[in-house]
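On a predicted model such as this, the values are computed, not experimentally measured, just so you know.
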Amino acid sequence: MSTPADRTTPDHPGPTHTTPDRTDPGRTGPTRTAPDRTAHAIPGRTTPAPDRPGRLARGTILAAAALTIMAPAIIAPSLPAMEQEFAAQPGASLLVRLAMTVTSLAIAVSAPWSGLLADRVGRRPLLVSGLLLYTVGGTAGYFMADLVPLLATRVLLGVAVGGIMTAVSATITDWYDGPERASFLGLQQAFAGLGGVVFLPLAGVLATVGWRVPFWLYGVAALVALFAFRSVRDRAQDSPAAAPGAARMATGRVVGVYVLALGATLVFYMAPTQVPFLLEGLGVGPALVGVVVAGSTLTSMLGALAFPALRRRLGSGPVTAAAVALLGAGWLVVGATGTVSGAAVGLLIGGAGVGFAVPNLTLRLSELAPPAWRGRVLGGLVAAVFLGQFLSPPAVHPLVRTVGADAAFTWAGGAMAVVAAMLAIVPVIGAAAGARAARAGR
């Protein structure tokens, strides 16, 4: 007859080890089994691996990415009507234009602080709070009866976008490594472009109803915030002080990535800020201008989707050189042809280069930075990108006034070609010098 200790039950799978009989310390008693709590899961309930994000979490991150790049420009179709609405207000013409650009400046200024919060507080809290602030700051413009408070809401929107972009990039680089990271960063950039393709035309349609109506599009972020709260989870990170290599992280390579991102964005942003005037001089109407400019966004999406396959075949340096070369080639086509079709083709080429560049630079920084520092390092990249957007008009305008719009594109394209050549040649020279030094040391 079996004893209770010998019987096998769901909670007691069977004897596996012996323990001393408590009634006689010197005698070995019957076997006892510790419950196997991992092997007997509750029926109907699955527990996903903590390091593998679920489908809802991945979709939420991509939805948040789609709300970022287009955020400053979503009110662009409303600007002429806004200027008419506030025509009696001093400085209305300038203030209306600042309603777009001040958002980019706010993103650039706030993104490094958002990165610090991402590392100290966590990616998920920053993402959820950023989406809620995006909702409030974006939709508040609908109710503003004066341009100054309206500009204040646009600043809040910029702070929100800086937080969202930083949290999204840091979350992706925490979730994935290697090819999976490259693939998802490509999706992030593709969805950022998709947001512009979807929301900007929709904003144009809504602006025909009333210039205030497009502000309601920012309300979509509230729904994304709900999904982020429910599905997105942070991975545990080391403290910044304990992170391996933390003291060596702030290198010239990180700064070099920032400088390259700022310069490339400054040049690329000539598409929405200078191409309309170039095409206007060729007698092109606003509708066709919108189609031509949107081409760069479309090929940027396609380039981002192709980035993972390209990255598997080439290292970070060659991909960066190829991306900058495409941007330069596109702008040279725009400047050299001086035609509508030439501008369209050039923007398609240049957009593909940006589609490669953004995920590649993000991936490179994620490789350079320890996990506990990724938030602030990637926040610096967000700041560089949007600072390039903000500086593009004032930096390029003097050149346009001096040599003309088409020649300005030629000069900018030539500068990018030189940078691409340097990015391709310098590593080769460095490798050759290292090989010579190694042979000399034998």
Might you work through the side chain to side chain contact (heavy atoms under 4.5 Å, CB included) test for R374 and R123, ending with a clear yes or no?
CA-CA 10 Å; R374 281 191 191 133; R123 285 59 157 137; 3.9 Å; yes

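- Counting only heavy atoms from C-beta outward, the side chains of R212 and E85 approach each other to under 4.5 Å.
- Residue A261 comes nearest to L361 through the heavy atom pair CB-CD1, 3.9 Å, listed as atom of the first residue, atom of the second, then distance.
- In terms of modelled atom types and a separation under 3.5 Å, the side chain of N360 and the main chain of S316 share a donor-acceptor contact.
- The two residues G158 and A106 have their closest heavy-atom pair at CA-CB, 3.9 Å.
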Between F199 and V220, does the side chain to side chain contact (heavy atoms under 4.5 Å, CB included) criterion hold? Intermediate values first, please.
CA-CA 11 Å; F199 284 102; V220 175; 4.3 Å; yes

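- Looking only at distances, no side-chain donor or acceptor of S169 sits under 3.5 Å from a matching main-chain atom of T166.
- We find the CG-CZ distance between L302 and F356 to be 9.5 Å, quoted to the nearest 0.5 Å.
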Should W175 and R58 be marked as a side chain to side chain contact (heavy atoms under 4.5 Å, CB included) after you check the CA-CA gap, both sets of side-chain angles, and the distance that decides it?
CA-CA 10 Å; W175 280 352; R58 298 195 301 269; 4.3 Å; yes

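- Aromatic ring orientation, Y218 versus F215: tilted (interplanar angle from 30° to 60°).
- Remark: the backbone N or O of G295 is paired with a side-chain donor or acceptor of T299 at under 3.5 angstrom.
- Separating the CG atom in L127 from the OH atom in Y134 is a distance of 12.5 Å, to the nearest 0.5 Å.
- Note that CG of L105 is 13.5 Å distant from CE of M100, once rounded to the nearest 0.5 Å.
- Using a distance-only test at 3.5 Å, with no hydrogens or angles considered, no donor-acceptor pair links the side chain of S300 to the main chain of S296.
- At a threshold of 4.5 Å between non-hydrogen side-chain atoms, the residues L347 and W331 count as touching.
- Inter-residue side-chain proximity for V419 and L260 is flagged as met; some heavy-atom pair is nearer than 4.5 Å.
- Remark: the backbone N or O of R124 is paired with a side-chain donor or acceptor of D234 at under 3.5 angstrom.
- A 6.0 Å sphere centred on CZ of F277 holds no more than 12 heavy atoms belonging to other residues, nucleotides or ligands.
- Separation of atoms CG (L327) and CE (M416) is listed at 6.5 Å; rounding is to 0.5 Å.
- Residues L185 and I172 are in side-chain contact: their nearest non-hydrogen atoms beyond the backbone lie under 4.5 Å apart.
- A donor-acceptor pair is defined here as one N or O able to donate and one able to accept, closer than 3.5 Å; no such pair exists between the side chain of S183 and the backbone of P179.
- Expressed to the nearest 0.5 Å, how far CG of L348 lies from OG1 of T297 amounts to 10.5 Å.
- Within the 3.5 Å criterion, the main-chain N or O of W211 finds a donor-acceptor partner in the side chain of S78.
- Taking both residues in full, the closest heavy atoms of T337 and V333 are given as OG1-O, 2.8 Å, listed atom of the first, atom of the second, then distance.
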Please walk me through it: do Y176 and F184 pass ring-ring contact (aromatic ring centres under 6.0 Å, His included)?
CA-CA 8 Å; Y176 298 108; F184 213 89; 5.2 Å; yes

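- The CG atom of L278 sits 9.0 Å away from atom OG1 of T339, with the distance rounded to the nearest 0.5 Å.
- With no hydrogens or angles considered, no side-chain donor-acceptor pair links T173 and R181 at under 3.5 Å.
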Would E367 and R311 count as a salt bridge (charged side-chain N to carboxylate O under 4.0 Å, His left out) if you check the C-alpha gap in whole Å, the side-chain angles of each, and the deciding distance to 0.1 Å?
CA-CA 14 Å; E367 294 168 346; R311 189 64 172 80; 3.4 Å; yes

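- Looking at R154, its side chain never comes within 3.5 Å of a backbone N or O of L150 through a donor-acceptor pair.
- Side chains of Y269 and V396 form no contact here, defined as non-hydrogen atoms less than 4.5 Å apart.
- The shortest heavy-atom contact between G353 and A323 is O-CB, 3.3 Å.
- No donor-acceptor pair closer than 3.5 Å links the side chain of R120 to the backbone N or O of G115.
- Side-chain contact between L262 and V385: absent, with no pair of heavy atoms (C-beta onward) separated by less than 4.5 Å.
- Within the 4.5 Å cutoff, the side chain of E83 has heavy atoms near those of the S93 side chain.
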Go through the steps to decide whether V345 and V334 satisfy the test side chain to side chain contact (heavy atoms under 4.5 Å, CB included), and finish with yes or no.
CA-CA 8 Å; V345 171; V334 174; over 6 Å; no

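- Without hydrogens or angle criteria, Y258 side chain to R253 main chain gives no donor-acceptor distance under 3.5 Å.
- Pairing each heavy atom of A160 with each of G130, the nearest pair is CB-O, 3.3 Å.
- By the neighbour-count criterion of 12 heavy atoms within 6.0 Å, atom OH of Y142 is sparsely surrounded, having that number or fewer from other residues, nucleotides or ligands.
- At least one side-chain heavy atom of L217 sits less than 4.5 Å from a side-chain heavy atom of L206.
- Residue A73 comes nearest to L200 through the heavy atom pair O-CD2, 3.5 Å, listed as atom of the first residue, atom of the second, then distance.
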